[in-house]
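Accompanying notes for the structure given below.
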Amino acid sequence: MAKAPRNGPYICGIDAALDVVSGKWKGLILWELETHGVRRFAELRRGLPGVSEKMLTQHLRELEADGLVHREVHAEVPPRVEYSLTEHGHTLNQALGPLGVWGVERMRREGSERVTVDEPSRV
């Protein structure tokens, strides 16, 4: 069954913003693309431990439909697909920045662990 498009009505701006970034992985996908720029699917998956292929695909499609992520398919064999942020995606990341600062302070206050992701070496 197709999901209804996200276009309101909304109670306030927070409601509209959270509608776009709802889901466990969307904010992390946006952060990963902001941090690393252009990423291929496998690179995104490695950078987000615990995300399933199905959820990553679903969230990337939704972020693309919302105009936050650009998907570029290169005509090669095998096909190469790259994801990057649109200008709209960059502005959303800027808006999420203060929320990230709040989250870091919460982690510090509560003594929460931070997951480290090993970057594969590039040859």
Side-chain angles (χ1 to χ4, degrees):
M1 177 173 11
K3 189 175 179 181
R6 293 178 302 280
N7 58 5
Y10 298 114
I11 296 168
C12 64
I14 297 283
D15 186 18
L18 290 178
D19 191 23
V20 173
V21 294
S22 64
K24 178 177 180 178
W25 301 105
K26 285 185 183 176
L28 295 172
I29 292 167
L30 293 170
W31 173 82
E32 180 78 9
L33 291 173
E34 183 73 37
T35 302
H36 299 287
V38 176
R39 298 295 259 177
R40 294 178 71 177
F41 186 86
E43 293 172 320
L44 281 169
R45 187 135 185 240
R46 277 192 300 272
L48 303 170
V51 68
S52 69
E53 188 171 321
K54 177 185 174 189
M55 287 309 298
L56 182 55
T57 299
Q58 178 182 325
H59 285 316
L60 284 168
R61 285 181 182 157
E62 290 175 6
L63 290 167
E64 184 182 10
D66 288 331
L68 301 169
V69 169
H70 172 71
R71 179 179 186 263
E72 186 169 350
V73 180
H74 297 274
E76 300 173 356
V77 177
R80 179 170 48 106
V81 180
E82 296 177 329
Y83 297 91
S84 60
L85 289 179
T86 63
E87 187 57 39
H88 194 52
H90 284 292
T91 62
L92 177 56
N93 262 342
Q94 290 170 355
L96 291 173
L99 183 61
V101 170
W102 183 89
V104 168
E105 175 57 28
R106 179 176 183 263
M107 288 168 41
R108 185 201 59 74
R109 186 177 63 247
E110 296 184 3
S112 301
E113 281 188 52
R114 184 177 189 151
V115 174
T116 56
V117 179
D118 294 329
E119 284 290 319
S121 61
R122 306 253 178 199
V123 179

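All residue numbers refer to positions in the sequence shown, counting from 1. Here the structure is a predicted model, which means the values were calculated and not measured.
Under the 4.5 Å side-chain criterion, counting only non-hydrogen atoms from C-beta, Glu32 is in contact with Arg39. Within the 4.5 Å cutoff, the side chain of Leu85 has heavy atoms near those of the Glu34 side chain. Under the 4.5 Å side-chain criterion, counting only non-hydrogen atoms from C-beta, Val51 is not in contact with Leu28. Within the 4.5 Å cutoff, the side chain of Glu62 has heavy atoms near those of the His59 side chain. Between Leu63 and Tyr83 the shortest side-chain heavy-atom distance does not fall below 4.5 Å.
When the side chains of ILVMFWY residues are joined at heavy-atom separations under 4.5 Å, either directly or via intervening members, Trp31 and Val104 end up in two distinct hydrophobic clusters. Leu99 and Leu18 fall within a single hydrophobic cluster, where Ile, Leu, Val, Met, Phe, Trp and Tyr are joined by side-chain heavy atoms under 4.5 Å apart, directly or via other members. Residues Val20 and Ile14 share a hydrophobic cluster, clusters being chains of Ile/Leu/Val/Met/Phe/Trp/Tyr side chains in contact below 4.5 Å. The hydrophobic cluster containing Val101 does not contain Leu92, counting ILVMFWY residues as joined when their side-chain heavy atoms lie under 4.5 angstrom apart, directly or transitively. In the hydrophobic cluster analysis, where Ile, Leu, Val, Met, Phe, Trp and Tyr join through side-chain heavy atoms closer than 4.5 angstrom, Val38 is grouped apart from Ile29.
Note that the NZ atom of Lys24 and the CG atom of Leu48 stand 10.5 Å from one another [nearest 0.5 Å]. In this structure, the separation between CD on Glu72 and CZ on Arg40 is 12.0 Å, given to the nearest 0.5 Å. With rounding to the nearest 0.5 Å, the separation of CZ in Arg45 from CH2 in Trp25 is 10.0 Å. Going from atom NE2 of His70 over to atom CD of Glu82 covers 9.0 Å, rounded to the nearest 0.5 Å. Between the CG atom of Leu60 and the CG atom of Leu56 there is a distance of 4.5 Å, given to the nearest 0.5 Å.
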Before you tell me yes or no, could you show the steps for Val81 and Phe41 under side chain to side chain contact (heavy atoms under 4.5 Å, CB included), namely the whole-Å CA-CA distance, both residues' side-chain angles and the distance that decides it to 0.1 Å? CA-CA 7 Å; Val81 180; Phe41 186 86; over 6 Å; no

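When all heavy atoms of Leu68 and His88 are compared, the closest pair comes out as CD2-CD2, 3.3 Å. Nearest approach of Val69 to Thr86, heavy atoms of both residues: C-CG2, 3.8 Å.
Other residues, nucleotides and ligands contribute at most 12 non-hydrogen atoms within 6.0 Å of the CZ atom of Arg114.
Listed by chain and residue number, Glu105 satisfy the side-chain hydrogen bond (donor to acceptor under 3.5 Å, both in side chains) test with Arg108 (two or more places apart in sequence, or in another chain).
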